[in-house]
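Whatever order the structure lists ligands and atoms in, that order sets their numbers, starting from 1.
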Amino acid sequence: MERFLGGGMLPLVLTSVGVLLLYRILVHLRKGASVQGAVVVITGASSGLGKECARVFHAAGARLVLCGRDASRLQQVVQELTASLADAKQQTYTPSTVIFNLTDADTVDRAAEEILKCYGQVDVLINNAGISYRGNILETHISVQRDVMETNYFGTVALTQALLPSMVRRRSGHIVVISSVQGKIAIPYRSAYAASKHATQAYFDCLRAEIERYQIPVTVISPGYIRTNLSVNAVTGDGSKYGVVDKTTASGRDPRDVAQLVLKAVRQRSKDVIVAGLIPNVAVYLRTLWPALFFKIMSSRARKEQKPKEE
Ligand SMILES: NC(=O)C1=CN([C@@H]2O[C@H](COP(=O)(O)OP(=O)(O)OC[C@H]3O[C@@H](n4cnc5c(N)ncnc54)[C@H](OP(=O)(O)O)[C@@H]3O)[C@@H](O)[C@H]2O)C=CC1
Ligand SMILES: CCCCCCCCCCCCCCCC(=O)OCC(=O)COP(=O)(O)O
């Protein structure tokens with residue numbers, strides 16, 4: 001070993017580590033493209049992460065099109081944004097709003113036309129809207145599995161495909177999707193949600209490869225728990241609202257910090273970003289490198305968390 005290291009290997013290893021560190025620091029410091037004046041569309045902008053993304057992109061000078069189901073709540077967001085930056089040094093724009101439900105295929109097409117009418121183009125589409133689910137597969141109605149898929153997957157895909165042709169024509173644009181760590185690993189009692197996020201990851205990975213030739217990047221962002229109303233709004237196996245702030249959600253990241261990371265990912269045109277702590281990151285690697293252990297841990301979690309009725 002001594003001979004190995006003494007024989008010129010040590011300087012080589014140290015230089016390599018140094019170069020790698022320098023590269024990581026440069027990547028970290030890279031600011032990337034500006035979003036000043038860019039037309040940024042955000043779905044699910046009336047609350048949680050979507051609302052914080054609206055705040056962050058508005059402050060960065062983007063021309064926003066905020067999407068949601070509730071006109072008055074979106075208008076409230078617009079008022080908050082314009083009031084908070086009334087004396088900003090940088091030029092900011094009053095956001096436009098488009099109201100539609102992602103689960104209604106016809107209205108999504110019409111909404112896409114309305115979105116395009118706002119500024120004549122879309123530079124960044126941030127697919128953020130989504131719902132979660134809590135339930136045991138044995139007690140979950142199939143309609144619930146479909147409904148979650150309709151919102152998180154088909155709704156997102158429909159809007160993306162409706163806006164994509166205009167981006168391809170201009171050879172310009174950027175598609176972003178807020179997936180989840182659960183798009184990479186599946187945990188018990190989240191079947192509908194994890195399945196919808198796995199499908200999302202797969203679709204946008206395909207899309208990235210297919211549209212790179214048009215200079216349109218695709219960014220998949222996979223956060224861990226964020227402090228929002230996601231668990232409150234989650235559906236259960238019988239379709240009713242879960243209505244509880246889970247501990248995991250309450251102790252999750254501040255949505256303002258996650259929104260800043262979304263802005264960074266857009267500026268740097270990142271392809272795939274996991275925004276989570278060490279354990280979820282390790283779990284993602286474990287699922288690939290040592291699946292048997294990962295499945296054992298998940299089975300044990302399932303048993304601890306909930307007992308099926310017949311036991
Ligand atoms: N919070 C977390 O721990 C994590 C969240 N995420 C993801 O972040 C994204 C944002 O969720 P978050 O902010 O946490 O949760 P919220 O429940 O606060 O926000 C969800 C947003 O999605 C909108 N939405 C839901 N269903 C529809 C629909 N059918 N049509 C149109 N809009 C709809 C809601 O609009 P409305 O106001 O009309 O209900 C709401 O604005 C989701 O995709 C979620 O999966 C990912 C990882 C972790
Ligand atoms: C250092 C040793 C680590 C060993 C790894 C063991 C595996 C541990 C399992 C970890 C599971 C992490 C799950 C993370 C889930 C998550 O962050 O989901 C984000 C969401 O989308 C939240 O939605 P929800 O509706 O579930 O609140």
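For ligand 2 and Leu230, the ligand atoms under 4.0 Å from any heavy atom of the residue are 23 (O), 25 (O). When each atom of ligand 2 is checked for a heavy atom of Pro223 under 4.0 Å away, the hits are 19 (C). Taking a cut-off of under 4.0 Å to the non-hydrogen atoms of Arg73, the atoms of ligand 1 that pass are 36 (P), 37 (O). Numbered from 1 in the order shown, with element, the atoms of ligand 2 that lie under 4.0 Å from a heavy atom of Ser132 read 24 (P), 25 (O). Residue contact check: Asn229 has heavy atoms under 4.0 Å from atoms 17 (O), 18 (O) of ligand 1. With ligand atoms numbered from 1 in the order given, ligand 1 contributes 3 (O) to contacts under 4.0 Å with heavy atoms of Tyr225. Using a 4.0 Å cut-off to heavy atoms of Leu230, the atoms of ligand 1 that qualify are 1 (N), 2 (C), 4 (C), 5 (C), 11 (O), 14 (O), 15 (O), 17 (O), 44 (C).
Side chains of Val78 and His58 form no contact here, defined as non-hydrogen atoms less than 4.5 Å apart. Side-chain contact check for Gln161 versus Tyr203: some heavy-atom pair is nearer than 4.5 Å.
To the nearest 0.5 Å, atom CD1 of residue Ile126 and atom CG of residue Leu64 are 8.5 Å apart. Rounding to the nearest 0.5 Å places CG of Leu66 at 7.0 Å from OG1 of Thr97. Remark: Thr236 OG1 to Tyr242 OH distance equals 10.0 Å, nearest 0.5 Å. Of the inter-residue distances, the one linking Glu80 atom CD with Lys51 atom NZ reads 4.0 Å to the nearest 0.5 angstrom. Distance check, rounded to the nearest 0.5 Å: OG1 of Thr156 to CE of Met149 gives 10.5 Å.
Close N/O approach between Thr248 and ligand 2 is not found [any backbone or side-chain N/O within under 3.5 Å]. Residue Ile226 places at least one N or O, backbone or side chain, under 3.5 Å from an N or O of ligand 1. Considering backbone and side-chain atoms alike, Ser47 places an N or O below 3.5 Å from some N or O of ligand 1.
In this structure, the protein non-hydrogen atom closest to atom 26 (O) of ligand 2 is Arg190 NE, 2.6 Å. For atom 19 (C) of ligand 2, the nearest protein heavy atom (residue, atom name, distance) is Ser180 OG, 3.4 Å. Of all protein heavy atoms, the one lying nearest to atom 8 (C) of ligand 2 is Ile279 CG2, 3.9 Å. Here the heavy atom of the protein found nearest to atom 2 (C) of ligand 2 is Val282 CG1, 4.3 Å. When hydrogens are left out, the protein atom nearest atom 17 (O) of ligand 2 is Gly224 CA, 3.2 Å; that is the closest non-hydrogen contact. At the shortest separation from atom 11 (C) of ligand 2 among protein heavy atoms lies Arg301 NH1, 3.8 Å. For atom 13 (C) of ligand 2, the nearest protein heavy atom (residue, atom name, distance) is Ile187 CG2, 4.1 Å. The protein atom (non-hydrogen) at minimum distance from atom 38 (O) of ligand 1 is Arg69 NE, 3.0 Å. For atom 7 (C) of ligand 2, the closest non-hydrogen atom on the protein side is Ala283 CB, 3.8 Å. The nearest heavy-atom contact from the protein to atom 45 (O) of ligand 1 is Tyr193 OH, 2.7 Å.
The residue from Ile185, Val275, Leu278, Thr228 that puts a heavy atom closest to atom 12 (C) of ligand 2 is Ile185. Summarising the contacts of atom 20 (C) of ligand 1 with Gly44, Gly48, Ala129, Gly130, the nearest heavy atom is found in Gly130. Considering Arg287, Arg134, Arg253, Lys184 only, the shortest heavy-atom separation from atom 27 (O) of ligand 2 involves Arg134. In this structure, of Gly224, Ser180, Ser231, the residue bringing a heavy atom nearest to atom 48 (C) of ligand 1 is Gly224. Heavy-atom proximity to atom 35 (O) of ligand 1, evaluated over Ala276, Gly68, Ser46, is greatest for Ser46. Among Val77, Asn233, Asn101, Ile178, the residue whose heavy atom lies closest to atom 28 (C) of ligand 1 is Asn101.
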Please report the C-alpha distance between Thr103 and Asp147 in whole Å, then the side-chain angles of each, then the deciding distance to 0.1 Å, and finally whether the side-chain contact (heavy atoms from CB on, under 4.5 Å) criterion is met. CA-CA 8 Å; Thr103 58; Asp147 288 349; over 6 Å; no
How far apart are the C-alpha atoms of Ser231 and Asp246, what are their side-chain angles, what is the distance that settles it, and do they pass the side-chain hydrogen bond (donor to acceptor under 3.5 Å, both in side chains) test? CA-CA 6 Å; Ser231 73; Asp246 278 346; 4.6 Å; no
Run the side-chain hydrogen bond (donor to acceptor under 3.5 Å, both in side chains) check on Gln36 and Gln91 step by step: do they pass? CA-CA 8 Å; Gln36 172 72 48; Gln91 178 165 16; 4.9 Å; no
Just do the side-chain hydrogen bond (donor to acceptor under 3.5 Å, both in side chains) check on Thr140 and Gln145 with the steps written out, would you? CA-CA 8 Å; Thr140 295; Gln145 299 282 3; 4.9 Å; no
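Proximity of Tyr133 to ligand 2, defined as any heavy-atom pair under 4.0 Å, is not found for any part of the residue. At a heavy-atom cutoff of 4.0 Å, ligand 1 is contacted by the side chain of Ile131 but not by its backbone. In Thr151, the part holding a heavy atom less than 4.0 Å from any atom of ligand 1 is the side chain. When heavy-atom distances to ligand 1 are checked against a 4.0 Å cut-off, Leu49 comes that close through both its backbone and its side chain. Within the 4.0 Å heavy-atom criterion, the part of Lys197 lying near ligand 1 is the side chain and not the backbone. In Ser231, neither the side chain nor the backbone holds a heavy atom less than 4.0 Å from any atom of ligand 2. Only the side chain of Met298 comes within contact range of ligand 2, with a heavy atom under 4.0 Å; no backbone atom does.
Put simply, part of Thr103 is less than 4.0 Å from ligand 1, judged by heavy atoms. Ligand 1 lies nowhere less than 4.0 angstrom from a heavy atom belonging to Arg227.
Within a 6.0 Å radius of CD1 in Ile142, more than 12 heavy atoms belonging to other residues, nucleotides or ligands are found. Dense packing is recorded around CD1 of Ile297, with more than 12 heavy atoms of other residues, nucleotides or ligands lying under 6.0 Å away. In Tyr285, the OH atom is not crowded: 12 or fewer heavy atoms of neighbouring residues, nucleotides or ligands sit closer than 6.0 Å.
Geometric assessment of Arg171 against the ring of Tyr214 yields a negative cation-pi assignment under the 6.0 Å and 45° thresholds.
A salt bridge is defined here as a Lys NZ or Arg NE, NH1 or NH2 lying under 4.0 Å from an Asp or Glu carboxylate O, and Asp123 with Arg170 meets this definition. Taking 4.0 Å as the cut-off between side-chain N and carboxylate O, Arg110 and Glu113 do not count as a salt-bridged pair. Between Asp257 and Arg227 there is no salt bridge, since none of the side-chain N atoms of the basic residue sits less than 4.0 Å from a carboxylate O of the acidic one.
Between Asp70 and Ser72, the side chains place a donor N or O and an acceptor N or O closer than 3.5 Å (distance only, hydrogens not considered).
When each of Val65, Ile115, Ile175 is paired with Val122, the side chain to side chain contact (heavy atoms under 4.5 Å, CB included) condition holds for Ile115 and for no other.
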